[in-house]
Amino acid sequence: MFHKGFFKGILGAGVALTLATGLPAIAQETVKVGLILPMTGASASTGRQIEAAAKLFIAQNGNKVAGKTIELIVKDDQGTADMSKRLAQELVVNDKVSILGGFGLTPLALAVGPVATQAKVPAIIMAAGTSMIVDQSPFFVRTSFTLPQNTTPIAVWSAKNGIKKVVTLVSDFGPGLDAEKSFKAGFEANGGQVIEQLRAPLANPDFAAFLQKAKDLKPDAVFLFVPSGQGATLMKQVAERGLAQAGIKVIGTGDVTDDDLLNSMGDDLIGMITSHNYSTDHNSPENAAFVAAFNKANPNMRPNFMAAGGYDGMALIYKALEKTGGSTDGVKLVEAMKGLAWTSPRGPISIDPATRDIIQNVYIRKVEKKNGQLYNVEFDTIPNFKDPTHK
Amino acid sequence: MSMSHLTENSAGASSRLLSAAKWRWYEIAFWIVAASLFFVFPTRLALLTEIVTLGLLALSIDLILGFAGIVTLGQGAFFGLGAYAAGIAAKYGMGVAPLSDPIVGLLIAGAVAGAVGFVTSFLVLRGSDLTRLMVTLGVGLIFAEVVNQARSITGGADGLQGVMLSPVLGIFDFDLYAQTAYVYSLGTLFVLFVIARVVMNSSFGLSLKAIKGNPLRSRAIGIPVNPRLIATYTLAAAYAGIAGGLLAQTTQAASPDMIAFHRSADTLLILVFGGAGHLYGGIIGAVAFRLMQDAFSSGSPDVWLAAVLNALPSFLNFWPIPNVLTVIFGLMGPKYWSLWLGLVLVLLVLFVRGGILGLVQSIYVRIFPSRNKVKP
């Protein structure tokens, strides 16, 4: 056993550490925004994109709004739900944040829902894309996208452009199942037929067996969905399986041809058609300014749809605070957010007052090479498109 | 060696063995301090609750590694099984006792994990350290995949939603400040700790130490090695299950990462960090690990950097000092906390034997050499 004086040192160190980390810095005129993001682990790219975009928004628009100073606090939940929940609790009771935001994956957002409801703090979903999340708390507001919203357009487009038989391959979790269901609904309503629905595990996926099965079924096209960050692995295996050589088209949501990774995926992708809410290549003055500023602040990153969600999330917070005259009352803030509309880097967007979900343009895009780099080039627009599964 | 020397030695040994079972003042102080944190840090109770569950999991590993000497990477499986057992019970209880009662939930979690621990212990007994490591790892991976595939029961990769608990003892609801959660988890940890302490200081615990020291010789002097190891493994599995149940209840969710490999590895690290074989090592390791992680990953490096650069005297403001500072501060904050944590861990393992407890002990021995005469 150990000896006298044993715990003095440990407790002293523990107390000092806790004091150092837990010092409250409460100022009446400060509005704290707590972002809970996966900054390490498998979804780290999501967190880094959103953090960079949120900081960029503050740098561009100043940290003062409606007489209040905005302070951003970023916490790493490592992509684990129990951590997200604990951090949300701490941000509310310890840091006294007025607004929560971030949430890299559906389970992480769902874990925070009860905290937002109980504390009456608005929680801005900047990434997670399962349709039903916004129904889980009246304080959820979304600035990212939903899978039904991004999937239905490519389903309709495929059916109308000579594709008759499709095999779907999605990641086996909430958003993937949403994508699978929406694709089938949109595709079959327009005369197509989904001949097989494959699901790959979310963690440490190996797509080879699924892609081989899809190839053996000889469909006209394979529809793909994987979350942000997994696209590169998937597309490498698509090329290895030789789907293109077998005459099978590859289509998907823009999550697969993630702008952040697209350049590293290689020229095999040229011609791939996807539908999505944001492309770095989107042609508008707002987006040109956004991409230029983002690249200047983060030389090694290309803003993707996660960055767009984070940037617009901060824009939503600023606009809502302006509308409430700086009041941080959670109910008032959510009321103020309902119906807000503005032009974002991705085009015109608004918050549906009925569902607190985002209404935005969804674009049909094709991977093309421009100035030696790969881009998702938009060629068709479905304007002001609402998640079709919301009532 | 004279006869008198021998008797003296054995008398010393037995008194030492008996005295280990006595509660020391610093142990009592430890638990008083743990309880008083409720009042000292009323806004950090969520973090403290998480530390308690982590400490309980580390304690369960201490039972099999620190006492029985079995290296395991599979304790996360029992943790996860407990989490899902408690979570599913609460979900189908719909917030109404008895199924949603937290304490019933913990008993279910412990029973399920303990049962699985008992069954798998026979696999673990086969082979040497490396084989055991692989077997425990394999068992963990199997259950992780089962949880992932059984979507209709566990919610698959999205995790288990809708975990609703009735109030603790029918009175205390789980609250936003985690007051109930902290008292409830600390109480559970204390009860389980006392049980573990009694067991490990009994003749059963002493025989485990003998087995750890030399299994062949222990068998030769009549210790039933395998039954003892099976009992310990089962007990540790039940402890891990209860820890998982606590986490699922206090976060009202269960997710596949609760059963993932990294829980086992992290917690093994935490135990080594704190010091294995003392019962307190896991808890202290959990406190230190989580506090360091929290300290390294919070804070705003940009603000600090600006402050430091502003305060930098002009005679120091030449190349490469500002650049070096920028790089160092750039590595702080939520992105790179694992870098600093890893650095501390490597240094601790390299230069200090026996983790934090080993460090404190060696410092103490250096300061008061005279009081350390009874050390073997």
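- For B:T49, no part sits under 4.5 Å from any heavy atom of chain A, backbone or side chain.
- For the 3.5 Å distance criterion, the side chains of A:T80 and B:D257 fail to qualify, holding no donor opposite an acceptor.
- Both the backbone and the side chain of B:A178 come within less than 4.5 Å of a heavy atom of chain A.
- Within the model, atoms OG1 of B:T250 and CG of A:D82 stand 8.5 Å from one another, a figure rounded to the nearest 0.5 Å.
- The part of A:L177 that comes within reach of chain B is its side chain, from C-beta onward, which places non-hydrogen atoms under 4.5 angstrom from that chain.
- A:T146 meets the side-chain hydrogen bond (donor to acceptor under 3.5 Å, both in side chains) test with A:D387; sequence neighbours excluded.
- Contacts between A:Q78 and chain B at a heavy-atom distance below 4.5 Å involve the side chain alone, from C-beta outward.
- Judged as a side-chain hydrogen bond (donor to acceptor under 3.5 Å, both in side chains), and not counting sequence neighbours, the contacts of B:R290 are B:E50, B:Q293.
- We find the OG1-NZ distance between B:T43 and A:K96 to be 6.0 Å, quoted to the nearest 0.5 Å.
- The contact between B:L47 and chain A is made by backbone and side chain atoms together, counting heavy-atom distances below 4.5 Å.
- Rounding to the nearest 0.5 Å gives a distance of 11.0 Å between CG of A:L105 and OG of B:S255.
- For A:E90, the side-chain hydrogen bond (donor to acceptor under 3.5 Å, both in side chains) partners at least two apart in sequence or on another chain are A:R86, B:R44.
- For residues 140-147 of chain B, an interface with chain A (any heavy-atom pair closer than 4.5 Å) does not exist.
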